[in-house]
Amino acid sequence: MATLVQVENLRKEFGNVRALDGVSFRVDAGEWIAIMGPSGSGKTTLINILGGLDTPTAGQAVVDGTDVARLDEAGLTRFRAEKIGFIFQQFHLVPYLTAVENVMLAQYFHSTTDEKEAQQSLERVGLGDRIEHLPSQLSGGEQQRVAVARALINHPKLILADEPTGNLDEANEEIVLSLLRELHNEGHTILMVTHAPSIGRLADRRIEFAHGHLVQAAVASLKPELA
Amino acid sequence: MFWRLVFQLLRGSRGRLGVAILAIVSGAAVISALLNLDLGVQNKLTQEFRTLGANIVISPASGAPAQISGAEVPSLMPERDVLAALQQLPSAQVSAAAPYLYIVARAQNIRVVVAGTWPDQAQKLDATWKLEGNWVRSREDQSQCLVGRNVARRMQLALGNPLELHYMDRSAQCRVAGIVDAGGSEDNQVFASLSAVQSLANLPGQIGVAQLSVTGTAQIVADYAARLAAALPQYQVRPIRQVTEAEGALLGRIRLLIVSMVLLILILTALCVLGTMAALAMERRKDVGLMKSLGGSISRIVGIFLAEVGVLGAVGGLLGTILGAALAYWMGLRVFGTAISPRWEVFPATIALMIVVTLAGALPLRMLGNVKPAEILRGE
Ligand SMILES: Nc1ncnc2c1ncn2[C@@H]1O[C@H](COP(=O)(O)OP(=O)(O)OP(=O)(O)O)[C@@H](O)[C@H]1O
Ligand SMILES: [Mg+2]
C-alpha cells in the first residue's frame with residue numbers, strides 16, 4: 001500500500017522541553033493507527049504537527065507528499081483545509097452556529113458551501129433530526145458526532161482524532177468508535193490518540209510514546225482478536 | 001455563507017454587541033442632531049425672514065439705530081413720507097404697520113423710555129408679547145397706554161392706574177390698559193399714542209422708525225422691502241431676519257464648538273467600541289483557533305468579524321441618524337423656535353463616520369492574527 005504519512009527524525013522543542021525527540025514512522029493509506037502513551041509523552045504535539053497546526057523544530061513530516069515542516073503560514077492554512085480532518089477531545093464546535101452550519105464552516109474555508117451535502121453528512125452520523133440545533137442543545141456525544149461529520153465533509157486524506165472519546169460516556173464512546181470503524185472500512189486513514197488500551201486494540205496498529213520517543217511501533221494488527 | 005456567518009455571530013454575541021450598538025446609536029444620534037442643528041439653524045435663522053411680528057423696519061438712513069427698540073434715535077423722519085410710500089404699495093400683504101417715536105421722559109421722577117406708536121397695531125407687530133390686561137383698540141386713544149412689566153413693577157402700577165409722563169416742562173397723562181411681558185427691552189418701556197408723545201416732545205409729525213409685518217414667503221417679503229426701499233430712497237428699509245447678525249456670529253462660534261463636540265463624540269464612540277471589541281476578541285479566541293484549524297486564513301476570519309462590525313456601525317449609524325434628526329427637530333422648536341427639517345447630507349455623512357469609527361474601534365481584532373490554534377485548542 002502507498003505511504004500516506006512519513007515521519008522522519010521529528011523533533012519538537014518548547015523552550016527546553018523536548019516534546020518530540022527523534023520520532024520516525026510511516027503510515028500507509030487506509031490504516032487506522034492508535035497513538036498511545038502516558039500523559040505528556042508528545043502525542044498531541046505529534047498530531048498538531050501532522051495536522052499543520054504546529055511546526056516541528058527539526059525533521060520531516062510528510063503527509064500525502066507534502067512536508068509540513070516546509071510550509072509557510074498560508075501553505076499550512078491550505079494544507080489544513082484540503083488534507084486534514086480534525087476531531088478533538090473537547091469537540092470544539094462554534095457555539096453560535098447550528099450543527100449544519102458548523103459542518104458548512106469547514107466547507108466554507110475549504111471551497112464552497114453545500115448545505116444539502118452538509119445535511120447528508122449529519123444524517124450519516126445519525127443526526128438527521130438535529131441539523132438546526134446549536135451545540136448547547138446537543139449532548140456531548142451528539143456534539144462529537146457533528147465534529148466527525150465536519151471532519152469528513154471535505155474528504156480529507158488524513159483524519160486526526162485526539163482522544164475523540166475522552167469526554168464521552170461509554171454509550172457515546174461506542175457510537176463514535178463505530179463511526180470511526182466505518183470510516184476505516186471505507187478506506188479512510190485515521191490517526192487516533194487514546195489512553196484506553198481497549199480502544200487502542202480496535203486499530204490496525206499502535207504507536208506507543210514515552211518522553212517524546214517511540215517505544216514500540218508496528219505492532220501487528222490485532223484484528224484477529226476482535227473477530 | 002459569509003453573511004450567514006456574520007449574522008449568526010452577531011446574534012451569538014448580541015449581549016456584548018448590544019453595548020457597542022448602544023454607544024454607536026447614541027454617538028450617531030448626537031452627531032446627527034448636532035450637524036442637523038448646525039446646518040439647519042444656521043440657514044434658517046440667518047437666511048429667513050421673521051414670520052411672526054414685524055419683519056421690515058424703516059429708519060432714517062444716517063446713524064440708523066441697530067435695534068428697533070433703541071432708546072436714542074438721533075435722527076427723525078416725517079410721518080407723512082412714510083405713510084405716503086406705504087399707501088403707494090399694495091396693502092394686502094401688510095398685516096400690520098406702525099410708526100414709532102422714542103423719547104426719554106420722566107414718570108414718578110424716574111427716567112423711562114416712552115414709545116409713541118399706534119397701540120392698536122402692537123398686538124400683530126409684537127406677536128410674542130404676553131399681555132396682562134387689554135390691548136389698546138384705537139390708535140387715536142390718547143387716554144390709554146401699555147407699560148412694560150419692569151416699569152410697572154418699579155412704579156407699582158396696576159391695571160387702570162393713572163400714569164403721568166413729564167418731558168421738559170410739558171406733561172401728559174394716560175391710564176394703564178395693559179402690562180407687557182416681552183422678555184426684552186420692551187419690558188422697560190411705556191407705549192403710548194403717537195400723537196400724545198409727539199406733542200409731549202414737541203415733535204409734531206415726526207417719527208423715529210416704522211415697523212411693518214409683511215406676510216408671505218421670503219420672496220414676497222424681500223420683494224416688498226425692495227419696492228419700499230425704491231419708494232423711500234432717502235431712508236433705510238431693512239428686512240428683519242430670524243436672527244440678527246450679531247447672533248449669527250455667535251452661531252459661527254457655536255459651529256466651532258459643534259465640530260469639536262462631534263470629534264469628541266467620535267473618539268468616545270470609538271473607545272467604547274474598542275473596549276467591547278477587545279473583550280469580544282478575547283472571547284472569540286477559541287472560535288478563531290478552531291476556524292484556523294479548519295483551514296480558515298486569518299484574512300478571511302478577520303473579514304467576517306469586520307463585516308460584523310461594519311454591519312453594527314451601519315445599523316447603529318442609521319438608527320442614530322434618524323433619532324438625531326428627530327432630536328434636532330425637537331431642539332429646533334424648543335430652543336430656536338424654528339422647525340429644522342433633516343438635511344439629507346447628514347445621513348450618509350453620519351453613517352459613514354460611524355462605520356469608520358466602528359472599524360477603528362475594531363482594531364483589537366488584529367490580535368486574533370496571533371492566535372495559535374495549537375495552543376488554543378489544547379484545551380482548558
Ligand atoms: N505550547 C507548549 N509550550 C510548552 N510546553 C508544551 C507546549 N505544548 C506541549 N508542551 C509540553 O510538551 C510535552 C508533550 O505535550 P503533549 O500535549 O504532546 O502531551 P500528550 O501526550 O498529548 O499528553 P496528554 O495525554 O496529557 O494529552 C509536555 O511536557 C507538555 O508540557
Ligand atoms: Mg494530548
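Since we're looking at a predicted model, the values are computed, not measured. Residue numbering restarts at 1 for every chain, and letters A, B, ... go by the order of the sequence lines. The basis for the numbers below is simple: all heavy atoms, side chains too, and nothing from hydrogens, waters or symmetry mates.
In this structure, chain A has no heavy atom under 4.5 Å from any part of B/Leu10. With a 4.5 angstrom heavy-atom cutoff, A/Leu93 touches chain B only via backbone atoms. Only the side chain of A/Glu115 comes within less than 4.5 Å of a heavy atom in chain B; its backbone stays farther off. Looking at A/Phe88, the atoms closer than 4.5 Å to chain B (heavy atoms on both sides) all sit in the side chain, from C-beta outward.
The environment of OH in B/Tyr329 is sparse: at most 12 heavy-atom neighbours from other residues, nucleotides or ligands sit within 6.0 Å. The neighbour count for B/Met282 CE, taken as heavy atoms of other residues, nucleotides or ligands under 6.0 Å away, does not exceed 12. In the displayed structure, A/Glu186 atom CD is contacted under 6.0 Å by more than 12 heavy atoms of other residues, nucleotides or ligands. By the 6.0 Å contact criterion, NE2 on A/His195 is enclosed, its count of non-hydrogen atoms from other residues, nucleotides or ligands being greater than 12. Shown here is B/Phe2, whose CZ atom has more than 12 heavy atoms of other residues, nucleotides or ligands within 6.0 Å.
The two residues A/Pro95 and B/Asp287 make their nearest non-hydrogen contact at CD-OD1, 3.5 Å. Shortest non-hydrogen contact noted between A/Leu53 and B/Ala374 is O-CB, 3.7 Å.
Ranked by heavy-atom pairs under 4.5 Å with chain A, the list B/Leu5, B/Leu9, B/Leu294 is led by B/Leu294.
Counting heavy atoms from C-beta outward, B/Ser293 and A/Ile84 have side chains that stay 4.5 Å or more apart. Using a 4.5 Å cut-off on side-chain heavy atoms (C-beta onward), A/Arg150 and B/Leu290 make contact.
The CG atom of A/Asp54 sits 11.0 Å away from atom CG of B/Leu377, with the distance rounded to the nearest 0.5 Å. Considering CG of A/Leu76 and NZ of B/Lys292, their distance stands at 11.0 Å, rounded to 0.5 Å. In this structure, A/Thr112 OG1 and B/Met1 CE are separated by 12.0 Å, a value rounded to the nearest 0.5 Å. With rounding to the nearest 0.5 angstrom, the CD atom of B/Gln8 is 11.5 Å from the CG atom of A/Leu105.
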Query - Criterion side chain to side chain contact (heavy atoms under 4.5 Å, CB included) on A/Tyr96 and B/Arg284, from CA distance to verdict - result: CA-CA 11 Å; A/Tyr96 318 123; B/Arg284 293 210 182 145; 3.9 Å; yes
**Report entry** Worked verdict on B/Lys286 versus A/Gln90 for side chain to side chain contact (heavy atoms under 4.5 Å, CB included)
**Finding:** CA-CA 11 Å; B/Lys286 212 183 106 183; A/Gln90 291 93 355; 5.8 Å; no
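Judged by distance alone, the side chain of B/Arg378 and the main-chain N or O of A/Thr44 form no donor-acceptor pair under 3.5 Å.
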